[in-house]
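This report concerns only the one structure given below.
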Amino acid sequence: MELLKVHGSMNTFFLYEGSDRDDFPQLAKELALLDPSVDGLLTVSPSSRADAKMRVFNTDGSEASMCGNGLRCVARYVCEREGIEQAVIETMKADLAVQKEQEVDAGVNMYGVEISPVSFQLADLPMMFDQHTEWRQRALPFVGADIPFTAVAVPNPHLIGIVGKDLQQDPSHQEKWAAYFNGDNPYFPDGVNLSYVTPLKEGIFVRTYERGVGFTDACGTAMTASALVSCLAGLVPFGDVSVFNPGGMVNCSVKSADGQYQLKLSGNATYLGVYRFRAGTASAGGELELMNQSDEQPAYERFIEKISGATAELR
Ligand SMILES: N[C@H](CCC[C@H](N)C(=O)O)C(=O)O
């Protein structure tokens, strides 16, 4: 089986193109064991109503309804396959518009993707806490810190906390609660992606502990949800929000009209290489072989170097 290794903001995936299979969860788990640098599996298959269908599987084998960084990589793959610059990608809960965007840094392919639908209804995560139907910019009594949290589905589930520099420098608080919310707990029966957000002079910084994966360098839906929450909290103006993360930086466009939100995530879609995968058998383990390494990563690293000053205030 041929696989393409890709990343958006260093959120790294294997991308498989072919018809839907029942063993995608197992494949995601096996690939993560063979290459611990990946955060999941993206699959691209035919769609009856869009240019292609994307599914996303976390490294624990669980399927999510959406993946923002992954959708940028799928957008590039489908646009280049079809020779187009705009496309529609079918995802679990919505058909989303994607488009090629202007290269900001030489050699860094840029794509913009729609993030939708958005819901603050706790039932849409799901989150269960007493009789509450929403939870917006309020400390959670059972967490016991004075962190204003917001629960939002985009449509995968996110809990976003606004924190100071101290909780960014020491991720143990975030790790403790993320592990709890993704284990046996009464609040998030399907788990949740937990992000801690800190305002910067230029935009915001987001670190995410992803459901089904753990800490990643970036989580596209979390960065977009965090940009929306930051606009609603008045931390940054609505419009284009620069979102920094351990894996780089993206631009999130946040527009609001009559209580409806239009969200767009723009950032890199980088190819790392083509791999051949042979599944394991009873007598031999699986094998992953690099067939052709791409030459795109140095350009992305130059981009990271260029923006590193923006987060100096957190160090
Ligand atoms: N861990 C997420 C799926 C991957 C999302 C993330 N990689 C992104 O870029 O949005 C979840 O279980 O909802």
Side-chain angles (χ1 to χ4, degrees), residues 1-18 24 27-45 52 54-60 64 66-82 87 89 98 100-101 103-113 208 210 212-223 243-250 265-279 286-308:
M1 172 192 292
E2 188 171 291
L3 296 166
L4 178 64
K5 191 172 178 183
V6 300
H7 78 73
S9 306
M10 296 301 286
N11 196 198
T12 306
F13 305 93
F14 279 112
L15 185 153
Y16 163 81
E17 179 181 24
F24 283 151
L27 179 59
K29 285 192 281 191
E30 195 162 352
L31 289 169
L33 289 174
L34 290 168
D35 183 343
S37 74
V38 299
D39 302 319
L41 171 68
L42 301 167
T43 70
V44 178
S45 47
M54 175 187 86
R55 296 174 71 185
V56 53
F57 298 85
N58 292 310
T59 51
D60 71 350
M66 187 36 198
C67 178
N69 289 322
L71 184 57
R72 298 203 310 273
C73 298
V74 167
R76 174 181 173 187
Y77 184 83
V78 172
C79 286
E80 292 182 352
R81 182 188 73 185
E82 305 293 332
I89 306 294
V98 303
K100 182 173 176 53
E101 295 190 337
E103 272 189 22
V104 174
D105 296 81
V108 179
N109 285 270
M110 299 291 284
Y111 278 79
V113 300
T208 304
E210 285 198 42
V213 189
F215 278 116
T216 59
D217 281 334
C219 174
T221 47
M223 294 191 279
V243 183
F244 295 85
N245 50 71
M249 186 269 274
V250 294
L265 169 66
S266 299
N268 76 297
T270 297
Y271 288 0
L272 293 169
V274 177
Y275 287 72
R276 184 176 312 288
F277 168 68
R278 265 187 289 279
E287 277 180 18
L288 198 53
E289 186 186 354
L290 174 59
M291 308 302 286
N292 176 13
Q293 177 149 358
S294 97
D295 60 0
E296 297 183 16
Q297 187 60 10
Y300 187 75
E301 286 172 6
R302 285 194 292 277
F303 163 64
I304 293 278
E305 186 56 34
K306 192 182 91 175
I307 64 164
S308 60

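Sequence positions, counted from 1, serve as the residue numbers for this chain. Basis for what follows: all heavy atoms, side chains included, without hydrogens, waters or symmetry-related copies.
Of the inter-residue distances, the one linking T43 atom OG1 with F24 atom CZ reads 4.5 Å to the nearest 0.5 angstrom. If you take CD on E287 and CD on E30, they are separated by 11.0 Å, rounding to the nearest 0.5 Å. To the nearest 0.5 angstrom, I307 atom CD1 is 5.5 Å from M249 atom CE. Taking CZ of F14 as the start and OG of S37 as the end, the distance is 6.5 Å to the nearest 0.5 Å. Taken from CG in D105 to NZ in K306, the straight-line distance is 3.5 Å, to the nearest 0.5 Å. How far CG of L288 is from CZ of R278: 10.0 Å, rounded to the nearest 0.5 Å.
Within the 4.5 Å cutoff, no side-chain heavy atoms of V6 are placed close to those of R76. At a threshold of 4.5 Å between non-hydrogen side-chain atoms, the residues M291 and E2 do not count as touching. Residues Q297 and M10 have side chains in contact (heavy-atom distance under 4.5 Å, counting atoms from C-beta outward). Looking at heavy atoms from C-beta onward, L41 lies in side-chain contact with Y16 at the 4.5 angstrom threshold.
Counting all heavy atoms, side chain and backbone alike, G18 lies closest to S45 at O-CB, 3.0 Å. What you find for A299 and A106 is that their closest heavy atoms are CB-O, 3.5 Å. Considering all non-hydrogen atoms of both residues, L71 and M54 come closest at CA-SD, 3.7 Å. Shortest non-hydrogen contact noted between G212 and N58 is O-CB, 3.3 Å. The shortest heavy-atom contact between C73 and G8 is SG-N, 3.8 Å. The nearest pair of heavy atoms linking M110 to E103 is CG-CA, 4.0 Å.
With P246 as the partner, the side-chain contact (heavy atoms from CB on, under 4.5 Å) test is satisfied by one option alone out of T216, D217, T208, I304: D217. Considering N11, T59, N69 in turn, N11 is the only one that fulfils the side chain to side chain donor-acceptor pair (under 3.5 Å) rule with D39.
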Distance-only donor-acceptor pairs under 3.5 Å for side chains of residues 268-277, two or more places apart:
| unit_1 | atom_1 | unit_2 | atom_2 | d |
| --- | --- | --- | --- | --- |
| N268 | OD1 | S9 | N | 2.7 |
| N268 | OD1 | R72 | NH2 | 3.3 |
| N268 | ND2 | H7 | O | 3.3 |
| N268 | ND2 | H7 | ND1 | 3.3 |
| N268 | ND2 | T270 | OG1 | 2.8 |
| Y271 | OH | Y77 | N | 3.4 |

Exercise for review: Give the intermediate values and the outcome of side chain to side chain contact (heavy atoms under 4.5 Å, CB included) for residues F57 and K29.
Suggested key: CA-CA 9 Å; F57 298 85; K29 285 192 281 191; over 6 Å; no
